[in-house]
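I have placed the structure first, in the form of structure tokens, so that the comments after it can refer back to it.
Every chain is numbered from 1, with letters handed out A, B, ... down the list of sequences. As the structure is a computational prediction, the values presented were derived from the model and not from experiment.
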Amino acid sequence: KAGVTQTPRYLIKTRGQQVTLSCSPISGHRSVSWYQQTPGQGLQFLFEYFSETQRNKGNFPGRFSGRQFSNSRSEMNVSTLELGDSALYLCASSSGGTGARTGELFFGEGSRLTVL
Amino acid sequence: KNQVEQSPQSLIILEGKNCTLQCNYTVSPFSNLRWYKQDTGRGPVSLTIMTFSENTKSNGRYTATLDADTKQSSLHITASQLSDSASYICVVAMTGGSYIPTFGRGTSLIVHP
């Protein structure tokens, strides 16, 4: 069974640009959640999507957005990039109706974004 | 403010030795507590998830304990191996309302031969 796949693995952008990251969950998982990991702040929750609906959202500005498609694949977008957005962006998928709250999370390898 | 504090920040031990990592939290009302292992450059891997009613849960050489009264958890690693070198992260979730997990900053464990 394939794991969670994130693309691209590495990317470099400049300030003011926007970026779109993709996450393909484990087959059959309907919950996809996104996280930002930086050396300064550690791991932080961005949002969770379940059956194409955003179910939960962390404390990030509106520049961070996401969506989920009918096949459960998810994308997150960051607009007007800032230097502080440089981070490892992780997504995780989970099965079951409770999703990320109580289900076991399976993480991808992450997309490492560098903003210059 | 909900917080999760992990200690020690870093730890170096010799292969074969045991060690215990600590996690103290102020998250309330409590739903569950998870421990993750994250190798350098990789995504986190789930070790255990514990709910309010669970005191101990094991996963191979990893044993997690939870004291919901004192809001403390520990992760005990038995007979450490070189492959245990990683960051161990504690995550606590609230019950009710929106799901916004609170992450600890992690303990960096290095196992030397």
Exercise. Shared ILVMFWY cluster between F60(A) and V91(B), side chains joined below 4.5 angstrom?
Worked result: no
Donor-acceptor pairs, chain A vs chain B, cutoff 3.5 Å:
{"residue": "Q37(A)", "atom": "OE1", "partner": "Q38(B)", "partner atom": "NE2", "Å": "2.9"}
{"residue": "Q37(A)", "atom": "NE2", "partner": "Q38(B)", "partner atom": "OE1", "Å": "2.8"}
{"residue": "P39(A)", "atom": "O", "partner": "R105(B)", "partner atom": "NH2", "Å": "2.8"}
{"residue": "G40(A)", "atom": "O", "partner": "R105(B)", "partner atom": "NH1", "Å": "3.0"}
{"residue": "G40(A)", "atom": "O", "partner": "R105(B)", "partner atom": "NH2", "Å": "2.7"}
{"residue": "N56(A)", "atom": "OD1", "partner": "Y99(B)", "partner atom": "N", "Å": "2.6"}
{"residue": "A100(A)", "atom": "O", "partner": "R34(B)", "partner atom": "NH2", "Å": "2.7"}
{"residue": "A100(A)", "atom": "O", "partner": "Y99(B)", "partner atom": "OH", "Å": "3.3"}
{"residue": "R101(A)", "atom": "O", "partner": "N32(B)", "partner atom": "ND2", "Å": "2.8"}
{"residue": "R101(A)", "atom": "O", "partner": "R34(B)", "partner atom": "NH2", "Å": "3.1"}
{"residue": "R101(A)", "atom": "NH1", "partner": "M94(B)", "partner atom": "O", "Å": "3.0"}
{"residue": "R101(A)", "atom": "NH2", "partner": "G97(B)", "partner atom": "O", "Å": "2.5"}
{"residue": "G103(A)", "atom": "O", "partner": "R34(B)", "partner atom": "NH1", "Å": "2.7"}
{"residue": "G103(A)", "atom": "O", "partner": "R34(B)", "partner atom": "NH2", "Å": "3.0"}
{"residue": "E109(A)", "atom": "OE1", "partner": "R42(B)", "partner atom": "NE", "Å": "3.2"}
{"residue": "E109(A)", "atom": "OE1", "partner": "G43(B)", "partner atom": "N", "Å": "3.1"}
{"residue": "E109(A)", "atom": "OE2", "partner": "R42(B)", "partner atom": "NE", "Å": "2.6"}
{"residue": "E109(A)", "atom": "OE2", "partner": "R42(B)", "partner atom": "NH2", "Å": "2.8"}

Problem set entry | Interchain contact, I100(B) with chain A, by part (heavy-atom threshold 4.5 Å) | both
Problem set entry | ILVMFWY network linking I49(B) to L66(B), side-chain heavy atoms under 4.5 angstrom | no
Exercise. M94(B), F50(A): one ILVMFWY side-chain cluster at the under-4.5 Å cut-off?
Worked result: no
For this session: Check whether more than 12 heavy atoms from other residues, nucleotides or ligands sit under 6.0 Å from atom CZ of R63(A), and answer yes or no.
Result: yes
Exercise. In terms of heavy-atom pairs under 4.5 Å, which option from A93(B), P44(B), G43(B) contacts chain A the most?
Worked result: P44(B)
Problem set entry | Which portion of L90(A) sits near chain B, non-hydrogen atoms under 4.5 angstrom | side chain
Exercise. So if you build clusters from Ile, Leu, Val, Met, Phe, Trp, Tyr with side-chain heavy-atom gaps below 4.5 Å, do L21(B) and M50(B) land together?
Worked result: yes
For this session: Check whether F103(B) and F64(A) end up in the same hydrophobic cluster, where Ile, Leu, Val, Met, Phe, Trp and Tyr are linked by side-chain heavy atoms less than 4.5 Å apart.
Result: no
Exercise. Does F52(B) CZ have over 12 foreign heavy atoms under 6.0 Å away?
Worked result: no
Exercise. Which one, G40(A), C91(A), G58(A), leads in non-hydrogen pairs under 4.5 Å with chain B?
Worked result: G40(A)
